[in-house]
*Asks:* 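Let me begin by handing over the structure; questions about it come next.
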Amino acid sequence: MILLNGKKTAADIKEEITLEVRELKDNGHKTPHLAAIIVGNNGASITYVNAKVKACERVGFESTLIRLTEKVTEDDLLNEIAILNIDNDIDGFIVQLPLPKHIDEQKVLMAVNPDKDVDGFHPTNVGKMALNLPTFISATPFGILELLDRYNVETSGKHVVVLGRSHIVGSPISILLSQKRKVGNATVTMCHSRTKNLKELTLQADIIIAAIGIPEFLKADMVKKNVTVIDVGITRLADSSKKSGFRLVGDVAFEEVSKKAEFITPVPGGVGPMTIAMLLKNTLLACKRNS
Ligand code: GUN
């Protein structure tokens with residue numbers, strides 16, 4: 001079994017970005033600048049956004065964090081977005097999800113200038129991704145592609161079973177892996193809550209991408225020997241033995257599934273760290289496009 005080490009791979013990517021940023025600056029180019037808007041006090045969201053800001057500092061980017069209260073109106077949020085859209089120093093920005101219920105998420109994502117949409121969530125960028133045109137690929141699917149690439153996991157002609165059809169992971173990774181691209185050319189089956197005979201499908205899979213948010217859903221008896229498993233799930237389970245009061249659990253029963261797998265991502269330390277590295281990569285791309 002080979003561990004797909006997202007923590008190490010993300011560190012390698014950040015190192016590559018650091019060198020590229022140094023070179024840009026040495027050549028008189030502006031410093032890449034990422035902004036993030038966060039609404040409310042969701043603990044996990046704050047942790048993620050802080051990690052994104054910290055990662056910017058590490059690679060030599062500038063960053064701006066805009067914190068808005070849970071009660072902010074949709075109009076005020078749209079106004080903040082409008083300001084970032086026309087600020088020439090900001091190369092890219094994100095609005096951390098989820099948003100409070102009184103705010104229309106779709107409306108917010110559509111307000112972001114597609115050229116600054118380093119999350120790749122704007123319909124224009126989703127459309128370009130679906131057509132295999134150059135664009136910002138969103139961080140989680142982009143991170144999965146990069147991890148498979150750097151560990152030379154063969155995808156061409158393989159049967160990939162994706163668990164989950166979310167706009168952030170399941171849907172885009174299904175599209176990307178079926179496309180004619182370096183990490184792609186796979187036969188993809190996308191499964192969801194209405195899928196019948198799920199186990200029959202997962203048992204046929206060469207590669208399984210689990211992104212449903214149900215802790216330890218994928219068990220050893222659901223996979224064939226030498227499968228590759230990418231675990232996107234990350235659920236906080238209460239655990240009084242931990243200082244934080246919780247432990248992180250993926251969608252895969254790692255202990256038992258890893259015994260049958262050829263390649264597998266751990267949780268934490270798999271896909272999670274890759275998403276931040278890919279967000280930085282998209283921001284660097286946005287900055288270079290701006291020159
Ligand atoms: N919430 C969970 N994942 C993401 C992400 O990739 N981007 C944003 N903006 N919010 C998220």
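Order of appearance sets the numbers: ligands from 1, and atoms from 1 within every ligand. What's counted below: heavy atoms across the whole structure, side chains too, no hydrogens, waters or symmetry copies.
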*Asks:* Is any N or O atom of A139, backbone or side chain, closer than 3.5 Å to an N or O atom of ligand 1?
*Replies:*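 Among all N and O atoms of A139, none is under 3.5 Å from an N or O of ligand 1.
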*Asks:* Considering only heavy atoms, does Y48 approach ligand 1 within less than 4.0 Å through its side chain, its backbone, both, or neither?
*Replies:*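 Answer for Y48: neither.
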*Asks:* Side chain to side chain contact (heavy atoms under 4.5 Å, CB included), that's the test. Do N152 and F263 meet it? Break it down for me.
*Replies:* CA-CA 10 Å; N152 293 314; F263 296 97; over 6 Å; no
*Asks:* For V95, counting its heavy atoms only, list the atoms of ligand 1 lying under 4.0 Å from any of them.
*Replies:*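 What qualifies from ligand 1 is 8 (C), 9 (N).
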*Asks:* Minimum heavy-atom separation for A220 and V257, please, with both atom names.
*Replies:*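 In terms of heavy atoms, the two residues are closest at N-CG2, 3.6 Å.
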*Asks:* Taking 4.0 Å as the limit for heavy-atom contacts, which would you say applies to L97 with ligand 1: side chain only, backbone only, both, or neither?
*Replies:*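 Both backbone and side chain.
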*Asks:* Starting from atom 11 (C) of ligand 1, locate the nearest protein heavy atom and write down its residue, its atom name and how far away it is, to 0.1 Å.
*Replies:*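 Minimum-distance protein heavy atom for atom 11 (C) of ligand 1 reads Q96 NE2, 3.4 Å.
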*Asks:* Nearest protein heavy-atom contact for atom 3 (N) of ligand 1: which residue, which atom, what distance?
*Replies:*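 Looking only at protein heavy atoms, the one closest to atom 3 (N) of ligand 1 is I168 CD1, 4.3 Å.
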*Asks:* For ligand 1, which part of L279 has a heavy atom less than 4.0 Å away: the side chain, the backbone, both, or neither?
*Replies:*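 It is neither part, as no heavy atom is under 4.0 Å.
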*Asks:* Which residue and atom name correspond to the protein heavy atom nearest atom 6 (O) of ligand 1, and how close is it?
*Replies:*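 Ranked first by proximity to atom 6 (O) of ligand 1 is D119 OD1, 3.8 Å.
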*Asks:* Decide whether D239 and S241 meet the rule of one side-chain donor and one side-chain acceptor closer than 3.5 Å.
*Replies:*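 Indeed, the side chains of D239 and S241 share at least one donor-acceptor pair under 3.5 Å.
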*Asks:* Take atom CG in L131; do more than 12 heavy atoms of anything else shown fall under 6.0 Å from it?
*Replies:*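 Atom CG in L131 is crowded, with more than 12 foreign heavy atoms closer than 6.0 Å.
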*Asks:* Using heavy atoms and a 4.0 Å limit, tell me yes or no: is T275 in contact with ligand 1?
*Replies:*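 No.
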*Asks:* Check this for me - ligand 1, T140, N or O atoms closer than 3.5 angstrom, yes or no?
*Replies:*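 So ligand 1 has no N or O lying under 3.5 Å from an N or O of T140.
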*Asks:* Using a strict 4.0 Å threshold on nitrogen-to-oxygen distance, state whether D12 and R150 make a salt bridge.
*Replies:*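 No, this pair does not count.
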*Asks:* Run the numbers on H159 and D206 for side chain to side chain donor-acceptor pair (under 3.5 Å), then give the verdict.
*Replies:* CA-CA 5 Å; H159 185 197; D206 302 304; 5.7 Å; no
*Asks:* Testing the 3.5 Å rule here: is there a donor-acceptor pair between the side chains of N41 and R67?
*Replies:*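 Side-chain D/A pair, N41 to R67: present.
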